[in-house]
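Each remark here refers to the structure printed beneath this line.
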Amino acid sequence: MQNYREAVKDFVDSHKFGLTFAVIAAAGALTFRRWMAGRVCRSKVRLDGKTVLITGANTGIGKETALDMAQRGARVILACRDMTRARIAADEIRQKSGNGNVVVKKLDLSSLQSVRDLAKDIGESEDHLDILINNAGIMMCPKWKTEDGFEMQFGVNHLGHFLLTNSLLDLLKKSTPSRIVIVSSMAHERGQIHFDDINLDKDYNPKKSYGQSKLANVLFGRELAVRLKGTGVTVYSLHPGVIRTELGRHIFPTLSLLVRIIAKPLTMLLKTPWEGAQTTIHCAVDESLADVSGLYYSDCAPRTAAPQALDDAAAKKLWDLSASMVGLA
């Protein structure tokens, strides 16, 4: 035992610098990880008798949000493109929450007809809708087009949700007080709405497209809040954080092997889907937000959006353009 202690002491004495560096690095990583995790929604409000519709709720933060809503007693509608995965997710949510009132509906946001079909279905099958969460999205994909010929990221992230929200407004107004939550991203800060080339046919770049679509989310929320003022329907847009989800599936394969090797362990420092869902949940249920509308949130607190997201003229212009593109009067 004495020899063992001496060996340990000798090792420590001869590796003081390395061990000190390792301890500091570990402490720094832990501190960074806790900072990345962000705040948690503290509201204990129940949602018994309420109906919540969440797009893209079969995976990632959408699924975690759906689970939370179900645990609060809500009727939860998972509106998803992949029905097989959605049914599996719904079964898991029912088992974990003990709430059997979790249903699956077909929604392909890249098809305006699919959006209209879902809205018609909801209008006929639901007598109220208390919370609409526009969560689904696609990130930095190649130059793809939607069924209706729109650039994919703008079409799915903005236009599909724009049409869905407008198509459900009568039901949301009927259900007041009700809420609309729009999941955007801090990527809106580098975004610009290219009104002269909205589908980016002249100069497509995945990051440029993603930034435009996320800026469109915030501008949509801002203009929607103005139009719904006094109706009892409130609107919130948000940045969920940098999260370990499938959203980045189009990015990873484009990276070099070396970058992928380095990046893989670093992803463990990112938010988990549960942590990433907290701001969405906060906006959907927190009592302190009941009389607030049109603001932008991050880490369960209001934040100042980028200057281009505060441009009321651009918000109205985008609304008019979007309405024209999806065929709304």
Side-chain angles (χ1 to χ4, degrees), residues 53-56 77 79-83 105-126 129 132-138 141 143-175 178 180-184 188 191-202 204 209-229 231 233 235 237 294 309 311-329:
L53 189 153
I54 309 171
T55 67
I77 301 172
C80 306
R81 181 178 58 85
D82 189 327
M83 294 298 282
K105 300 283 188 180
K106 174 73 174 179
L107 172 65
D108 181 353
L109 286 161
S110 69
S111 164
L112 296 183
Q113 187 57 53
S114 177
V115 174
R116 295 186 187 101
D117 290 343
L118 174 69
K120 183 174 184 292
D121 183 352
I122 296 298
E124 293 174 348
S125 63
E126 308 295 328
L129 177 61
L132 170 63
I133 301 177
N134 293 334
N135 165 82
I138 187 169
C141 64
K143 182 69 162 72
W144 293 339
K145 289 188 175 183
T146 69
E147 179 182 291
D148 304 278
F150 306 127
E151 187 275 312
M152 184 65 73
Q153 293 189 78
F154 187 76
V156 169
N157 297 348
H158 170 61
L159 290 178
H161 283 126
F162 177 87
L163 177 59
L164 177 65
T165 303
N166 276 282
S167 300
L168 295 174
L169 278 184
D170 287 344
L171 189 57
L172 285 159
K173 290 176 182 177
K174 176 185 173 184
S175 311
S178 53
I180 299 168
V181 180
I182 303 169
V183 179
S184 180
H188 86 274
Q192 177 184 347
I193 305 299
H194 300 271
F195 288 107
D196 59 341
D197 184 25
I198 200 67
N199 289 307
L200 302 181
D201 292 322
K202 299 175 184 176
Y204 180 80
S209 169
Y210 186 67
Q212 173 175 256
S213 71
K214 295 290 102 178
L215 174 58
N217 289 155
V218 183
L219 288 170
F220 171 43
R222 188 173 180 84
E223 178 66 14
L224 184 61
V226 172
R227 292 173 181 251
L228 291 176
K229 186 176 181 179
T231 65
V233 184
V235 185
S237 62
D311 186 337
D312 292 333
K316 186 180 186 307
K317 185 176 181 180
L318 176 65
W319 181 287
D320 293 340
L321 175 62
S322 302
S324 174
M325 293 176 76
V326 303
L328 287 179

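All values below come from the heavy atoms of this structure, side chains included, with hydrogens, waters and symmetry mates left out. As the structure is a computational prediction, the values presented were derived from the model and not from experiment. Residues: numbered from 1 along the sequence shown.
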From CA spacing to verdict: side-chain contact (heavy atoms from CB on, under 4.5 Å), Leu107, Leu164: CA-CA 10 Å; Leu107 172 65; Leu164 177 65; 4.2 Å; yes
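- For the pair Arg227 and Trp319, the distance from NZ or CZ to the six-membered ring centre is under 6.0 Å and the angle to the ring normal is within 45 degrees.
- Side-chain atoms of Thr55 come within 3.5 Å of backbone N or O of Asn135 as a donor-acceptor pair.
- In plain terms, the two heavy atoms of Ala79 and Leu53 that are nearest each other are CB-CD2, 3.9 Å.
- In this structure, Ile180 CD1 and Leu172 CG are separated by 5.0 Å, a value rounded to the nearest 0.5 Å.
- A salt bridge links Asp121 and Lys105; the closest N-O separation between the charged side-chain nitrogens and carboxylate oxygens is under 4.0 Å.
- Side chain of Thr146 to main chain of Met152: no donor-acceptor pair is present (N/O by atom type, distance under 3.5 Å, no hydrogens or angles).
- Separation of atoms NZ (Lys143) and CG (Leu200) is listed at 7.0 Å; rounding is to 0.5 Å.
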Take Val218 and Ser237 through the side-chain contact (heavy atoms from CB on, under 4.5 Å) test and state the conclusion after the steps. CA-CA 6 Å; Val218 183; Ser237 62; 3.9 Å; yes
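- No donor-acceptor pair under 3.5 Å is formed between the side chain of Glu147 and the backbone N or O of Leu112.
- Judged purely by atom type and a 3.5 angstrom limit, Thr165 has no side-chain atom pairing as donor or acceptor with the backbone of Phe162.
- Between Lys317 and Asp311 there is no salt bridge, since none of the side-chain N atoms of the basic residue sits less than 4.0 Å from a carboxylate O of the acidic one.
- Met325 approaches Phe150 most closely through the heavy-atom pair O-CZ, 3.2 Å.
- Classification of the Phe220-His158 ring pair by plane angle, with boundaries at 30° and 60°, yields perpendicular.
- Asp197 places a side-chain N or O within donor-acceptor distance of the main-chain N or O of Lys202, the cut-off being under 3.5 Å.
- Taking 4.0 Å as the cut-off between side-chain N and carboxylate O, Asp320 and Lys316 count as a salt-bridged pair.
- Heavy atoms only, all atoms of each residue included: Ser167 and Ala119 are closest at CB-CB, 3.5 Å.
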